[in-house]
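One structure below.
Every chain is numbered from 1, with letters handed out A, B, ... down the list of sequences. The basis for the numbers below is simple: all heavy atoms, side chains too, and nothing from hydrogens, waters or symmetry mates. This one's a predicted model, so the numbers in the text were calculated from it and none came from an experiment.
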Amino acid sequence: MPEVTERARDLVGRLLHGHGVVARITEVEAYGGIEDPASHAFVRTPRSEIMYGPPWRLYVYRIHGHHAANVVTGPTEQAAAVLIRAGEILEGIEVARERRGPVADHALARGPGNLTKALGITSLDLGTDLLDPEPVFLGERVDRPTLVAGPRVGVRRNADVPWRFWAEDDPTVSAYRRHPRA
DNA sequence: CACTGGATTAGCT
DNA sequence: GCTAATCCAGTGC
């Protein structure tokens, strides 16, 4: 297993701060950069350039009108990253509710697009150093849940690689959907 | 410049 | 389970 899967597993149970809201990360996916056809960094382009740089920086991309947040994990030139797919809101829940509109609390940050919306993360946060106390940064570990692994959601290539990791029986984890053409 | 295809989501059957 | 909305990065000409 590549190092990025270890980084991914380590992120579950840690805090992610986003513009006044704090979430406990409950679901992530590992992307293996230059070795992983499912990764945006499989091809080096202006968009994926950030992932070739130093670790612990934020990679934000837009998809279907939503934002998705990733932690660049390194090593440099490997272009590995971890997609943050879901979390449980622990602080700033009123702000999160306002950003998300009428949904159940356990669904406020369920799914990558919903999580960035609840945490106010946009392309403006691209490149943020996640170890500094900026508007977006990684906090401490608050628990060590039992982890479950499975295939990544919605990817067409490498669709069977089990690099999605989530906290067992956690209601904030998103549903699995296989790519229609995988 | 035109075309393709998503690391998605909500809403409907 | 299925589909539309949606919009931009990447690609090729």
Side-chain angles (χ1 to χ4, degrees), chain A residues 1-5 7-9 11-12 16 18 23 25-53 55 57-74 78-87 89 96-128 130 136 147-167 171-182:
Chain A
M1 294 276 272
E3 189 176 321
V4 64
T5 59
R7 300 285 80 75
R9 297 169 66 93
L11 284 167
V12 179
L16 178 62
I25 298 170
T26 57
E27 179 192 1
V28 299
E29 282 174 359
Y31 285 86
I34 57 176
E35 295 176 346
D36 181 5
S39 171
H40 292 164
F42 189 68
V43 179
R44 189 167 187 159
T45 65
R47 178 178 66 158
S48 63
E49 188 62 33
I50 178 78
M51 289 187 275
Y52 286 79
R57 297 228 278 233
L58 184 69
Y59 166 49
V60 179
Y61 67 88
R62 300 203 63 176
I63 177 140
H64 292 278
H66 302 97
H67 298 274
N70 304 251
V71 179
V72 176
T73 60
Q78 172 78 34
V82 175
L83 170 67
I84 311 300
R85 287 197 56 90
I89 305 298
R97 287 186 187 127
E98 196 164 308
R99 287 173 177 155
R100 286 277 289 126
V103 297
D105 284 350
H106 68 265
L108 284 171
R110 184 170 62 186
N114 292 332
L115 179 137
T116 54
K117 192 172 180 185
L119 270 57
I121 296 173
T122 69
S123 305
L124 297 174
D125 300 302
L126 176 65
T128 295
L130 294 169
V136 182
L147 294 185
V148 188
R152 294 171 291 186
V153 175
V155 297
R156 180 148 161 213
R157 304 204 279 173
N158 265 0
D160 297 314
V161 173
W163 287 358
R164 172 175 176 245
F165 305 98
W166 66 93
T172 67
V173 173
S174 68
Y176 176 66
R177 280 187 173 85
R178 189 177 179 82
H179 192 292
R181 299 216 281 159

Which whole-number value in Å describes the distance from [X] [atom1] to [N] [atom2]?
{"X": "A:Ile63", "N": "C:dG10", "atom1": "CD1", "atom2": "P", "value": "12 Å"}
{"X": "A:Asn158", "N": "B:dG6", "atom1": "CG", "atom2": "P", "value": "14 Å"}
{"X": "A:Leu115", "N": "B:dT8", "atom1": "CG", "atom2": "P", "value": "13 Å"}
{"X": "A:Glu27", "N": "B:dT8", "atom1": "CD", "atom2": "P", "value": "10 Å"}
{"X": "A:Tyr176", "N": "B:dT9", "atom1": "OH", "atom2": "C1'", "value": "18 Å"}
{"X": "A:Asn70", "N": "B:dT8", "atom1": "CG", "atom2": "C1'", "value": "14 Å"}

Can you name the residues that form a side chain to side chain donor-acceptor pair (under 3.5 Å) with [X], not counting sequence neighbours?
{"X": "A:Glu35", "answer": "none"}
{"X": "A:Thr128", "answer": "none"}
{"X": "A:Arg97", "answer": "A:Asp105"}
{"X": "A:Thr73", "answer": "none"}

Requested in this report: For the side chain of A:Pro112, starting at C-beta, report the closest nucleotide among C:dC8, B:dG6, B:dT9.
Outcome: B:dT9

Report task. Please determine, for the side chain of A:Val153, which listed nucleotide (C:dC8, B:dT8, B:dA10) has the closest atom? Result -> B:dT8

Query raised in the report: Counting only N and O atoms by type, is there a donor-acceptor contact under 3.5 Å from the side chain of A:Ser39 to the main-chain atoms of A:Ala80?
Result: no

Query raised in the report: Do A:Glu29 side-chain atoms and A:Val153 backbone N/O form a donor-acceptor pair below 3.5 Å?
Result: yes

Query raised in the report: Listed in order of residue number, which residues of residues 35-53 of chain A have a non-hydrogen atom at under 4.0 Å from DNA chain B?
Result: A:Ala38, A:Ser39, A:His40

Query raised in the report: Do any of residues 102-109 of chain A sit with a heavy atom less than 4.0 Å from DNA chain B, and if so which?
Result: none

**Report entry** Heavy-atom pair with the smallest gap, counting every atom of A:Asp125 and A:Leu58
**Finding:** O-CD2, 3.4 Å

Anything under 3.5 Å between a protein N or O and an N or O of nucleotides 3-6 of chain C, put it in a table, one pair a line.
residue : atom : partner : partner atom : Å
C:dT6   : O2   : A:His64 : ND1          : 3.3

Would you say [X] places a side-chain N or O within less than 4.0 Å of OP1 or OP2 belonging to [N]?
{"X": "A:Arg178", "N": "B:dA7", "result": "no"}
{"X": "A:Arg85", "N": "B:dT8", "result": "yes"}
{"X": "A:Asn114", "N": "B:dA10", "result": "yes"}
{"X": "A:Arg156", "N": "B:dA7", "result": "no"}

**Report entry** salt bridge (charged side-chain N to carboxylate O under 4.0 Å, His left out) involving A:Arg164 - partner list, sequence neighbours excluded
**Finding:** A:Glu27

Query - Pairing residues for A:Arg156 by the salt bridge (charged side-chain N to carboxylate O under 4.0 Å, His left out) criterion, not counting sequence neighbours - result: none

Report task. Using only heavy-atom distances, decide whether a donor-acceptor pair under 3.5 angstrom links the side-chain of A:Tyr61 to the base of C:dA9. Result -> no

Requested in this report: Note every stem involving DNA chain C: at least three consecutive Watson-Crick or G-U wobble pairs, i with j then i+1 with j-1, with both distances under 3.5 Å.
Outcome: B:1-6 with C:7-12, B:8-12 with C:1-5

Report task. Take A:Asn158 and A:Arg152, measure what side-chain contact (heavy atoms from CB on, under 4.5 Å) needs, and give me the verdict at the end. Result -> CA-CA 9 Å; A:Asn158 265 0; A:Arg152 294 171 291 186; 3.4 Å; yes

Report task. Mind checking A:Arg164 for me? I need base, sugar-phosphate or nothing, with any heavy atom below 4.0 Å counting as a touch. Result -> nothing

Query raised in the report: Got a sec, which residues hit ring-ring contact (aromatic ring centres under 6.0 Å, His included) with A:Tyr59, two or more places apart in sequence or on another chain?
Result: A:Tyr61

Requested in this report: Determine, step by step, whether A:Phe165 and A:Leu11 satisfy the side-chain contact (heavy atoms from CB on, under 4.5 Å) criterion, reporting the C-alpha distance in whole Å, the side-chain angles of both residues, the deciding distance to 0.1 Å, and the verdict.
Outcome: CA-CA 10 Å; A:Phe165 305 98; A:Leu11 284 167; over 6 Å; no

Side chains of residues 109-122 of chain A: which donor-acceptor pairs under 3.5 Å do they make with residues two or more places apart or in other chains?
residue  : atom : partner  : partner atom : Å
A:Asn114 : OD1  : A:Arg100 : NH1          : 3.2
A:Asn114 : ND2  : A:Arg110 : O            : 2.8
A:Thr116 : OG1  : A:His67  : O            : 2.8
A:Thr116 : OG1  : A:Pro112 : O            : 3.3
A:Thr116 : OG1  : A:Gly113 : O            : 2.9
A:Thr122 : OG1  : A:Leu124 : N            : 3.2

Report task. Report the C-alpha distance between A:Tyr31 and A:Val155 in whole Å, list the side-chain angles of each, state the deciding distance to 0.1 Å, and finish with yes or no for side-chain contact (heavy atoms from CB on, under 4.5 Å). Result -> CA-CA 11 Å; A:Tyr31 285 86; A:Val155 297; 3.4 Å; yes

